[in-house]
Protein chains: 2
Amino acid sequence: MNDVGCHSPLVRKFQALGPWTDSELLALGSFGSRRRRLGAHQAIFHERDASDEAYLVQSGWTCVYKLLPDGGRQVISFPLPGDIVGISGLFLDGAQFSFESLTPVELSPISTATLLNGAMASSNVARAVRWSVARDSAILVEHLVNVGRRSALMRTAHFILELAHRLRLIGAERAGEFACPVNQYWMADALGLTAIHLNRVLRELREAHLVTLRAGHVSIHDYEGLKDLAVFDGDYLSPPKRVGWP
Amino acid sequence: MNDVGCHSPLVRKFQALGPWTDSELLALGSFGSRRRRLGAHQAIFHERDASDEAYLVQSGWTCVYKLLPDGGRQVISFPLPGDIVGISGLFLDGAQFSFESLTPVELSPISTATLLNGAMASSNVARAVRWSVARDSAILVEHLVNVGRRSALMRTAHFILELAHRLRLIGAERAGEFACPVNQYWMADALGLTAIHLNRVLRELREAHLVTLRAGHVSIHDYEGLKDLAVFDGDYLSPPKRVGWP
DNA sequence: CGTCTAGTTGACAGTCCTCAATGCGGGTGG
DNA sequence: CCACCCGCATTGAGGACTGTCAACTAGACG
């Protein structure tokens, strides 16, 4: 009857947190009731914009970043389908970062009221939202460790593995292969490198038969080797296994 | 009558979010009902520890960090009195980082139940907690930008200014002077630098008559100059000014 | 066919790291 | 009281990693 979630990346992401009742699926569905389509490289909001809405990514790749006065850019994250962007901005004076599409995307604006009502209506929904926020924070922490304390090579390997894991959870990765429309400029700005140096690092990874990134497509040739290089552990990305979690 | 908050850094931090009713102050006070004293450099929890409790710092300086297998260390944050550590760990499988005291500290463990009950009992408390979490996220984002895209000099300047602002909000900074018991090893690990290089950077800042850090005490000599150097804007640290915020 | 974006490569410079040594102050024990 | 130790700060010399500048290729597109 209720197939609200069949095509919803949010429901897919929260699947393991279930079981979900029909009414809860409906509540989750309400997060995606409104839709907006945008082309590639369109601004969604800018740093300092007062924001009354967060955005659920329904399809496509997006990018969260901050610009510096000297022209520098730091990419904070690449939100994927099922990810919600800008929740923290709801509770501050404005967004702390800019948000834009990298590919054509489909977005669902979520008002503060919708978010809070959904969480109040169902404790399962509230849990899922709390987990999502906590996971985003864990990703951010790992990103900081990556940029602060890993070499360019390890950093890049770690980044690719994190992408692979996140994409696997939404069914967009298979056997170490996935589409990745992020160009080397954006990727370099995520990793705190220059595009030129990233290019050399990617060559090194390719020549070591670990991973190839070409024409918007990533092929991981040696998952274990890459994992060893990056000292990657993807536990922080998966839904919690604990029973009776809050 | 009700002086629950008079000596509570949490209430002080949340002051501007008021007005607070007595019963709400009581609810906030419940976050600090239990107390634990610890000496300097004591572990509070470790990465991967299953955690049922977050910690409110009541007094003293603390440190959140991650260790890498090669011996490296990335400091994520220096939680100060009024800050709550480990909320995200409650909603994941375990803590993503280690937490320890830098000085003798006083901590209040907050159970998941206490936190959620407090938030359910009062929408003002819920707001305050949401703001606190959102602010921590904003600080983390700024930290990532700092490490990823700013030179060692700007990075250090920015870090010192952020500390100054945070300390000012809890009344621990006056006229550009504050105590800072963080040694150069810890600070370097926060900034993604080596202690040796940080030392040279600090000398440079001192010789430029911008700021001096000596014997656990920071003196900002030229606030504007430092701010210009770091391109610092501390808005993300202050309570939101919006009316009717959620 | 020209233009544009993205990717690639080379040469060189510079920031930051590594290794090594020294100074300095505060404890602790003889 | 003094010697010793230890954590922390400081400095020097050299090297490695990463950035800068510049040029060139390849493919997409009109």
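We name chains A, B, ... by the order of the sequence lines, and we start the count at 1 in each one.
Atom-to-atom, CZ of R149(B) to P of dT20(D) comes out at 8 Å; the value is rounded to the nearest Å. Atom CH2 of W186(A) is separated from atom P of dG7(C) by 13 Å (rounded to the nearest Å). Between R214(A) atom CZ and dA6(C) atom C1' the separation is 14 Å, expressed in whole Å. Rounded to an integer number of Å, the gap from N183(A) CG to dA28(D) P is 16 Å. In this entry the distance linking CD of E207(A) with P of dT9(C) reads 8 Å, nearest Å. Across the protein-nucleic acid pair, L193(A) atom CG and dG19(D) atom C1' stand 10 Å apart, rounded to whole Å. In this entry the distance linking CD of E204(B) with C1' of dG14(C) reads 13 Å, nearest Å. Computed from coordinates, the Y185(A) OH to dC4(C) P distance equals 15 Å when rounded to whole Å.
OP1 or OP2 of dC16(C) has not a single side-chain nitrogen or oxygen of T194(B) nearer than 4.0 Å. Here N199(B) does not reach the OP1 or OP2 of dA9(D): none of its side-chain N or O atoms lies under 4.0 Å away. Regarding contacts with the backbone of dT10(D), a side-chain N or O of Q184(B) is found under 4.0 angstrom from either OP1 or OP2.
Between Y65(B) and W186(B), a ring centre-to-centre spacing shorter than 6.0 Å is recorded. No close placement of the H143(B) and F159(B) rings is indicated, their centers lying 6.0 Å or farther apart.
The side chain of R200(A) has dT20(D) as its nearest neighbour among dA9(D), dT20(D), dT18(C). For I196(B), the side-chain atoms get nearest to dT11(D) when compared with the rest of dT11(D), dT8(C), dC17(C). Here dC16(C) is the nucleotide among dG19(D), dA6(C), dC16(C) with the atom lying nearest to any side-chain atom of S151(B).
For the side chain to side chain contact (heavy atoms under 4.5 Å, CB included) with L229(B), the lone residue among L205(B), V211(B), L161(B) that qualifies is L205(B).
Electrostatic pairing of R149(B) and D189(A) counts as a salt bridge here, judged by a charged N lying under 4.0 Å from a carboxylate O.
DNA chain C is contacted by both G192(B) and A215(A); A215(A) maps to the nucleotide lying nearer its 5′ end (nearest heavy atom per residue).
A donor-acceptor contact under 3.5 angstrom links the side chains of Q58(A) and S108(A), judged on distance only.
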